[in-house]
2 protein chains.
Amino acid sequence: MNANNTENLSEISQPVLKRTLDIICGKWRLYIIFQLSKQDYRYGELRRMIPEVSEKVLIQELKTLVSLGVLQKRSYNEVPPRVEYGLTPKAREILPVLKEIATIGKTFLDV
Amino acid sequence: MNANNTENLSEISQPVLKRTLDIICGKWRLYIIFQLSKQDYRYGELRRMIPEVSEKVLIQELKTLVSLGVLQKRSYNEVPPRVEYGLTPKAREILPVLKEIATIGKTFLDV
DNA sequence: TGAGTTACATACCAAAAGGTTAGTGAATTC
DNA sequence: GAATTCACTAACCTTTTGGTATGTAACTCA
């Protein structure tokens with residue numbers, strides 16, 4: 001019971017928590033990350049892998065994830081354009097944690 | 001590269017993922033859970049601990065978390081009313097995972 | 001010339017999430 | 001009899017999120 005008890009969950013700072021939620025909340029964000037954990041994909045490929053997402057939203061989410069530092073984007077100067085998305089090293093760091101996320105839902109689904 | 005490769009993140013089922021996001025998304029949900037990880041609190045105490053949240057939203061979130069099986073509510077027949085909230089055993093099970101999740105933001109904050 | 005390809009942008013709209021404000025019931029204290 | 005306490009409810013409004021539909025640039029190929 002000391003002052004810098006890192007076990008105390010309520011000590012997690014608000015900015016850290018907010019950034020965390022930025023990354024995992026948002027309807028397709030985790031899905032995108034999970035797909036890209038296997039290999040890099042082009043924009044069009046991702047669209048076809050997650051058919052329920054709309055064009056606009058997918059681009060929006062990709063943009064956000066790039067700006068958060070989760071994804072990196074590579075554009076080739078070709079016509080028609082070619083753009084590939086992949087996970088950043090930081091994103092790879094947190095993959096094991098993201099994987100654990102699924103255990104939360106599992107615990108609460110079998111009531 | 002076999003069929004039941006549990007390492008493959010993209011294999012996480014949509015219902016499980018959805019339930020997970022139900023629990024951790026929502027602006028104050030994790031905050032509430034973290035506060036209650038220390039001890040049970042009354043509604044009014046929680047309000048004072050998270051002053052930025054509005055009355056309505058706090059009650060809303062508490063209700064949702066109860067219905068998800070994360071919190072349990074005990075009302076005492078007193079006047080003025082006394083209502084206490086606490087984590088369910090299932091919520092205690094997933095506390096370590098929640099804690100890890102909350103640290104994701106840290107990785108992406110120090111750029 | 002004109003259709004196809006690809007990765008976007010833009011205008012617009014609907015639904016969901018979050019927030020403000022005011023009110024309620026019932027005993028207790030002034 | 002009036003004010004206080006506490007845990008809510010209800011009406012209403014604003015902001016954010018998600019979605020549709022359409023347009024565009026620039027080159028290739030028929």
Side-chain angles (χ1 to χ4, degrees), chain A residues 14-15 17-36 39-68 70-87, chain B residues 14 17-36 39-68 70-87 105:
Chain A
Q14 209 148 12
L17 198 51
K18 191 183 177 310
R19 179 61 59 102
T20 303
L21 296 180
D22 281 347
I23 292 168
I24 60 186
C25 298
K27 208 167 169 192
W28 306 103
R29 239 157 263 193
L30 278 184
Y31 248 81
I32 294 168
I33 296 173
F34 287 171
Q35 296 299 337
L36 292 176
Q39 62 169 90
D40 293 0
Y41 283 113
R42 297 179 62 165
Y43 165 76
E45 291 175 314
L46 286 169
R47 268 234 66 192
R48 266 166 266 134
M49 294 165 85
I50 318 173
E52 310 95 309
V53 73
S54 72
E55 247 186 307
K56 191 201 84 174
V57 170
L58 180 55
I59 288 185
Q60 216 175 247
E61 298 293 90
L62 290 171
K63 245 191 195 171
T64 306
L65 288 171
V66 167
S67 77
L68 285 169
V70 179
L71 302 186
Q72 52 203 180
K73 172 181 174 176
R74 263 165 300 116
S75 323
Y76 301 85
N77 254 17
E78 302 175 2
V79 168
R82 181 157 69 103
V83 177
E84 286 180 2
Y85 292 91
L87 298 187
Chain B
Q14 210 146 12
L17 198 52
K18 191 182 177 312
R19 179 60 58 102
T20 303
L21 296 181
D22 281 346
I23 291 168
I24 60 187
C25 299
K27 209 169 168 190
W28 306 104
R29 234 156 267 191
L30 278 183
Y31 246 82
I32 293 167
I33 295 173
F34 287 172
Q35 295 299 338
L36 292 176
Q39 62 170 88
D40 292 2
Y41 283 113
R42 298 179 60 166
Y43 165 76
E45 292 176 313
L46 286 169
R47 267 234 66 189
R48 266 167 266 131
M49 294 165 84
I50 316 172
E52 310 95 308
V53 73
S54 73
E55 249 186 305
K56 192 202 83 172
V57 171
L58 179 54
I59 289 185
Q60 217 174 245
E61 297 294 90
L62 289 171
K63 245 190 193 171
T64 306
L65 288 171
V66 167
S67 77
L68 284 169
V70 179
L71 303 186
Q72 52 203 177
K73 172 183 175 175
R74 263 164 300 116
S75 324
Y76 300 86
N77 253 17
E78 300 175 5
V79 169
R82 182 156 70 99
V83 177
E84 286 179 4
Y85 292 90
L87 298 188

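Naming convention: chains lettered A, B, ... in sequence-line order (proteins, then strands); numbering from 1 in each chain. Hydrogens, waters and symmetry mates are skipped; everything else that's a heavy atom, side chains included, is used.
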Query raised in the report: Does any non-hydrogen side-chain atom of Leu58(B) lie less than 4.5 Å from one of Trp28(B)?
Result: no

Report summary line: DNA chain D: first to last nucleotide in contact with chain B (atom under 4.0 angstrom from a heavy atom), 5' to 3', is dT5(D) to dA11(D)

**Report entry** Test side-chain contact (heavy atoms from CB on, under 4.5 Å) applied to Thr20(A) and Ile24(B), step by step
**Finding:** CA-CA 10 Å; Thr20(A) 303; Ile24(B) 60 187; over 6 Å; no

Query raised in the report: What nucleic acid atoms does Glu55(B) come within less than 4.0 Å of, heavy atoms only: base, sugar-phosphate, or nothing?
Result: base

Query raised in the report: Taking CD1 from Ile59(B) and P from dT21(C), how many angstroms apart are they, rounded to a whole number?
Result: 16 Å

**Report entry** Value in whole Å for how far the P atom of dT6(C) lies from CG of Leu46(A)
**Finding:** 14 Å

Report summary line: The answer to which of Tyr85(B) and Val79(B) contacts DNA chain D further toward the 5' end, by nearest nucleotide, is Val79(B)

Requested in this report: For the side chain of Glu61(B), starting at C-beta, report the closest nucleotide among dC8(C), dG18(C), dA7(C).
Outcome: dG18(C)

Query raised in the report: Stepwise, does the side-chain contact (heavy atoms from CB on, under 4.5 Å) test hold for Leu46(A) with Leu62(A)?
Result: CA-CA 10 Å; Leu46(A) 286 169; Leu62(A) 290 171; 4.0 Å; yes

Report summary line: Whole-Å distance, Ile50(B) CD1 to dG19(C) C1', equals 15 Å

**Report entry** Sequence-distant partners of Lys18(A), salt bridge (charged side-chain N to carboxylate O under 4.0 Å, His left out), two or more places apart
**Finding:** Asp22(A)

**Report entry** N or O in side chain of Lys63(A) less than 4.0 angstrom from dC8(C) OP1/OP2
**Finding:** no

**Report entry** Close side-chain approach of Val70(A) to Ile32(A), heavy-atom, < 4.5 Å
**Finding:** no

Query raised in the report: Which residue, Pro81(A) or Ser54(A), contacts DNA chain D at a nucleotide closer to its 5' end, judged by nearest heavy atom?
Result: Ser54(A)

Report task. Evaluate the side-chain proximity of Glu45(A) to Tyr85(A): yes if any heavy-atom separation is below 4.5 Å, no if none is. Result -> no

Requested in this report: Look at Arg42(A) and dT6(C) and indicate whether a side-chain polar atom (N or O) is within less than 4.0 Å of OP1 or OP2.
Outcome: no

**Report entry** Interatomic distance, Leu62(A) CG vs dC8(C) P [rounded to whole Å]
**Finding:** 8 Å

**Report entry** Rounded distance (Å) that lies between atom P of dT6(C) and atom CD of Glu84(A)
**Finding:** 13 Å

Query raised in the report: Ignoring hydrogens and angles, does a donor from either the side chain of Lys56(B) or the base of dG19(C) sit under 3.5 Å from an acceptor on the other?
Result: yes

Report summary line: Rounded to whole Å, the CD-P distance (Gln60(B) to dG18(C)) equals 8 Å

Query raised in the report: Do Lys73(B) and Val83(B) have side-chain heavy atoms sitting under 4.5 Å apart?
Result: yes

